[in-house]
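Comments concern the structure below.
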There are 2 protein chains.
Amino acid sequence: MPAGVDDAPAVRRSPGRPPIASARIVDAALQVIDEQGLDSLSMRSLAKHLNSSTATLYRHFPTRAALVQGVIDRVMGEVDVDAANFRALTWRQGCEKISLDIFEAFGRHRQTALLLADHTPIGPNAAAVRERTLAVLIDGGFDVKVAARTGAMLAHLILGFASQYGGERETTAADRETFRKAIHGMDLSQFPATAAVRRARWLPTTVDQEFQFALQLLLDGLGLMRSGG
Amino acid sequence: MPAGVDDAPAVRRSPGRPPIASARIVDAALQVIDEQGLDSLSMRSLAKHLNSSTATLYRHFPTRAALVQGVIDRVMGEVDVDAANFRALTWRQGCEKISLDIFEAFGRHRQTALLLADHTPIGPNAAAVRERTLAVLIDGGFDVKVAARTGAMLAHLILGFASQYGGERETTAADRETFRKAIHGMDLSQFPATAAVRRARWLPTTVDQEFQFALQLLLDGLGLMRSGG
DNA sequence: ACCTGAACACCGTTCAAGT
DNA sequence: ACCTGAACACCGTTCAAGT
């Protein structure tokens with residue numbers, strides 16, 4: 001149950017009305033995205049889903065982008081940042097755990113991953129995730145500046161890979177067709193490596209598998225660096 | 001000068017009209033994106049830019065997404081895939097060269113990088129880049145299947161990082177404000193690692209620097225793997 | 001004080017009508 | 001055969017008008 005935006009101090013509220021809370025709006029938005037797809041989320045459709053009007057939404061978020069940031073932070077809230085669950089882990093295990101946790105959170109809400117190209121996470125839950133990442137690295141013996149650099153790099157790696165979830169769908173048959181001719185028209189003998197891969201019957205892997213591959217190699221490299229490579 | 005879509009066989013054309021070519025449309029689209037920003041590219045604005053009409057654009061591309069794919073492939077066309085320029089390089093140097101080349105191409109057209117989340121490159125130039133990457137790895141002694149896996153992973157790494165170019169701008173002051181309170185309201189003493197980084201006066205790095213950092217670590221890891229780690 | 005319908009200035013896409 | 005203006009069904013955002 002992640003913290004929302006204006007309902008963080010859930011108690012002391014301007015008296016009278018109950019907190020119809022931005023969190024409710026964000027939850028509804030995420031629900032629409034998960035169930036009907038990102039394209040189905042408009043201020044109008046969301047307002048209708050809440051039996052409200054678009055202008056009311058704008059009293060909680062100054063713009064659609066701000067609402068989207070709320071949704072992203074809602075997803076970030078699903079990441080485990082409890083210090084207790086990291087205490088027994090090495091820096092490498094800790095990095096692996098939180099990285100996979102973030103990636104899996106956006107894997108559970110694949111349509112929101114598309115938003116990551118336009119919107120760098122800036123919410124409080126993102127800040128908590130960042131804190132945990134930095135703590136894992138610093139506690140693991142990394143120099144503070146190196147830890148900061150590494151944490152920022154890891155964040156881009158994770159969110160960058162997650163944003164690639166989108167490419168798996170989205171391109172319609174008609175769009176592929178636009179290029180099919182051009183590609184089939186190419187001299188395949190000039191593409192020996194591609195042909196070799198085809199002959200080896202290599203099956204394309206999923207974004208998940210490729211992320212794990214990249215993460216392991218990168219952690220290997222980090223280990224090398226830390227031990228003074 | 002990258003190959004376009006329907007003007008690849010530039011000579012043998014249905015007689016009469018000159019090839020008003022999809023390539024011209026794509027060039028104009030990229031120009032609009034570079035000069036006025038991605039948000040300024042609409043079928044209407046592009047049509048006006050070409051002294052044409054939207055319906056005419058649809059005679060060249062079945063949908064806006066297909067046109068966008070054309071733009072992406074146009075950028076991919078700026079990547080050096082000439083075999084001669086790779087002959088003298090080790091697999092690691094070759095990987096580094098093509099990876100940076102791709103990343104820099106989208107760095108020169110930052111606004112197009114935003115498109116990478118929604119649209120996995122599928123054009124002929126993307127195919128040529130893929131071929132060169134695979135060739136570098138296979139010629140470098142990688143097993144064909146491992147090379148395929150590695151090439152796919154590298155592609156996601158590069159495009160994922162490139163797609164993060166977008167987050168640098170886009171979030172407006174008003175949107176950040178939505179979260180400023182919530183974050184400042186947080187107990188900063190509960191964020192010791194973040195505080196330590198702030199004390200160390202660490203300056204945030206650019207996406208470019210972080211990509212290079214990640215790429216080097218990853219290549220280190222690959223080297224380890226190749227030498228039977 | 002809070003909420004609403006309607007308006008404004010846009011979209012992508014399609015199609016009847018023109019030359 | 002090729003192109004066009006206008007239409008259709010949407011957008012995000014704003015604002016006068018209601019209670």
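- Consecutive Watson-Crick or G-U pairs involving DNA chain D, each under 3.5 Å on both distances, make up stems of three or more pairs at C:4-8 with D:12-16, C:12-16 with D:4-8.
- A donor-acceptor contact shorter than 3.5 Å links the side chain of T206(B) to the backbone of Q209(B).
- Residues N85(A) and K97(A) approach most closely at O-CE, 4.0 Å, considering heavy atoms.
- In this structure, the side chain of Q111(A) does not engage the main chain of I33(A) through any donor-acceptor pair within 3.5 Å.
- Taking only side-chain nitrogens and oxygens, S42(B) never comes nearer than 4.0 Å to OP1 or OP2 of dC10(C).
- Taking for each of R64(A) and S53(B) the nucleotide of DNA chain D with the nearest heavy atom, the 5'-most of the two is the partner of S53(B).
- Straight-line distance from the OH atom of Y58(A) to the C1' atom of dC8(C): 13 Å, rounded to whole Å.
- Taking only side-chain nitrogens and oxygens, T56(A) comes nearer than 4.0 Å to OP1 or OP2 of dT4(C).
- Every residue two or more places apart in sequence or in another chain was checked for a salt bridge (charged side-chain N to carboxylate O under 4.0 Å, His left out) with R198(B), and none qualifies.
- Here dG5(C) is the nucleotide among dG5(D), dG5(C), dC2(D) with the atom lying nearest to any side-chain atom of A55(A).
- The shortest distance between the side-chain N/O atoms of R44(A) and the OP1/OP2 oxygens of dC10(D) is not below 4.0 Å.
- Relative orientation of the F103(B) and F211(B) rings is parallel, given thresholds of 30° and 60° on the angle between their planes.
- Note that OG1 of T194(A) and CZ of R132(B) are 9.5 Å apart. Values are rounded to the nearest 0.5 Å.
- The side chain of S52(B) lies closest to dT4(D) when the candidates are dC3(C), dT4(D), dT13(D).
- Among the heavy atoms of the strands lying under 4.0 Å from T54(B) is at least one base atom, whether or not backbone atoms are also near.
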